[in-house]
Amino acid sequence: MFEQREGEVALNDDPAARLADAKLVFIGSIVSPWKLREDCPKNMNAAREKSRGATLLIDAPYRPGLAGLAGFSHVVILSWFEQAPRNLIVQKPRHASDAKGVFALRSPARPNPVGLHIAAIVSIDIEAGRIELDAMDALDGTPVIDIKPYFPSVDAFPDATRPHKGGSE
């Protein structure tokens, strides 16, 4: 699914083959319109431009954790990109002129393929475990690790900077 490009560096071993050192549980899954990697938007801005919503389906045991989330305009979602390779440590994005370390990229291919998404909440049905979202940049069926409310007072940094041309998106 991920072809290795010129300039990329793989780890000597695959982190997925190591013994687990964290006991993560999936609390639900993402229902999105994106069935194939090549159709999936590369970031949330691109997903919003496509004007196609998505849904988080939270498994029954975790639904009480949604109490108090109503009233927030946005939510932070941590997902698990289970189809992504975990052994690339240096990658060369198609849009960049140079290879970069995975920690300078948002690519799903990384030692721990955790996705980070900030989405607007359209509606919440706690009893059904459904959170309707404005957009999503993850494949349909992607497992959800965690959900957190978005706090603009602490999560937004208007003066944040990034490298120009071929940056870390």
Side-chain angles (χ1 to χ4, degrees), residues 2 22 24-59 61-86 88 91 93-96 100-169:
F2 283 78
L24 288 174
V25 295
F26 299 146
I27 62 167
S29 62
I30 295 169
V31 177
S32 83
W34 320 116
K35 311 294 185 215
L36 303 172
R37 179 178 171 242
E38 55 269 18
D39 297 333
C40 190
K42 72 174 191 157
N43 60 47
M44 288 298 285
N45 283 342
R48 284 185 183 93
E49 288 172 5
K50 301 217 182 246
S51 299
R52 300 194 56 197
T55 304
L56 295 184
L57 291 180
I58 305 306
D59 296 340
Y62 306 105
R63 291 175 188 166
L66 298 174
L69 191 59
F72 283 92
S73 65
H74 290 73
V75 66
V76 177
I77 302 132
L78 299 175
S79 67
W80 188 261
F81 289 132
E82 62 186 350
Q83 297 182 31
R86 298 180 64 181
L88 285 178
Q91 297 177 44
R94 286 186 182 93
H95 66 278
K100 293 174 179 36
V102 296
F103 305 126
L105 297 168
R106 293 275 183 107
S107 167
R110 52 198 323 107
N112 290 304
V114 175
L116 172 68
H117 323 270
I118 299 174
I121 298 171
V122 175
S123 66
I124 299 176
D125 181 339
I126 293 174
E127 191 172 311
R130 295 179 64 92
I131 304 173
E132 301 295 331
L133 306 171
D134 69 328
M136 181 51 62
D137 60 345
L139 293 175
D140 185 56
T142 297
V144 174
I145 299 171
D146 203 357
I147 302 166
K148 299 175 185 284
Y150 177 85
F151 288 96
S153 59
V154 296
D155 293 330
F157 293 92
D159 57 343
T161 63
R162 60 169 249 188
H164 297 287
K165 186 112 171 125
S168 59
E169 286 187 74

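The first residue in the sequence is number 1, and the count goes up from there. Predicted model, so just to flag it, every value in this text is computed and none were measured.
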* Structure fact -> d(R110 CZ, N112 CG) to nearest 0.5 Å is 9.0 Å
* Asked: Quick one: does Q91's side chain have a donor or acceptor within less than 3.5 Å of a partner on G101's backbone?
  -> no
* To do: Apply side-chain contact (heavy atoms from CB on, under 4.5 Å) to the pair M136 and I77, showing each step before the final yes or no.
  => CA-CA 10 Å; M136 181 51 62; I77 302 132; 3.8 Å; yes
* Asked: Counting N and O atoms only, with roles assigned by atom type, does the side chain of D125 sit under 3.5 Å from a partner on the main chain of E127, one being a donor and the other an acceptor?
  -> yes
* Once the angle between the rings of F26 and W80 is folded into 0 to 90°, is it parallel (under 30°), tilted (30 to 60°) or perpendicular (over 60°)? -> tilted
* Structure fact -> CD1 of I30 to CG of L56, rounded to nearest 0.5 Å, is 6.0 Å
* Structure fact -> By salt bridge (Lys or Arg N to Asp or Glu O under 4.0 Å), D134 pairs with (sequence neighbours left out) R48
* To do: Evaluate the criterion side-chain contact (heavy atoms from CB on, under 4.5 Å) for residue pair I126 and I124; output intermediate values, then yes/no.
  => CA-CA 6 Å; I126 293 174; I124 299 176; 3.8 Å; yes
* Between CG on residue L78 and CD1 on residue I145, distance to nearest 0.5 Å -> 6.0 Å
* For D140 and S32, indicate whether the former's side chain and the latter's backbone hold a donor-acceptor pair under 3.5 Å. => yes
* Measure the CG-CG distance between L116 and D146 for me, rounded to the nearest 0.5 Å. => 11.5 Å
* Asked: In Å and rounded to the nearest 0.5 Å, what is the OG to NZ distance from S107 to K42?
  -> 11.0 Å
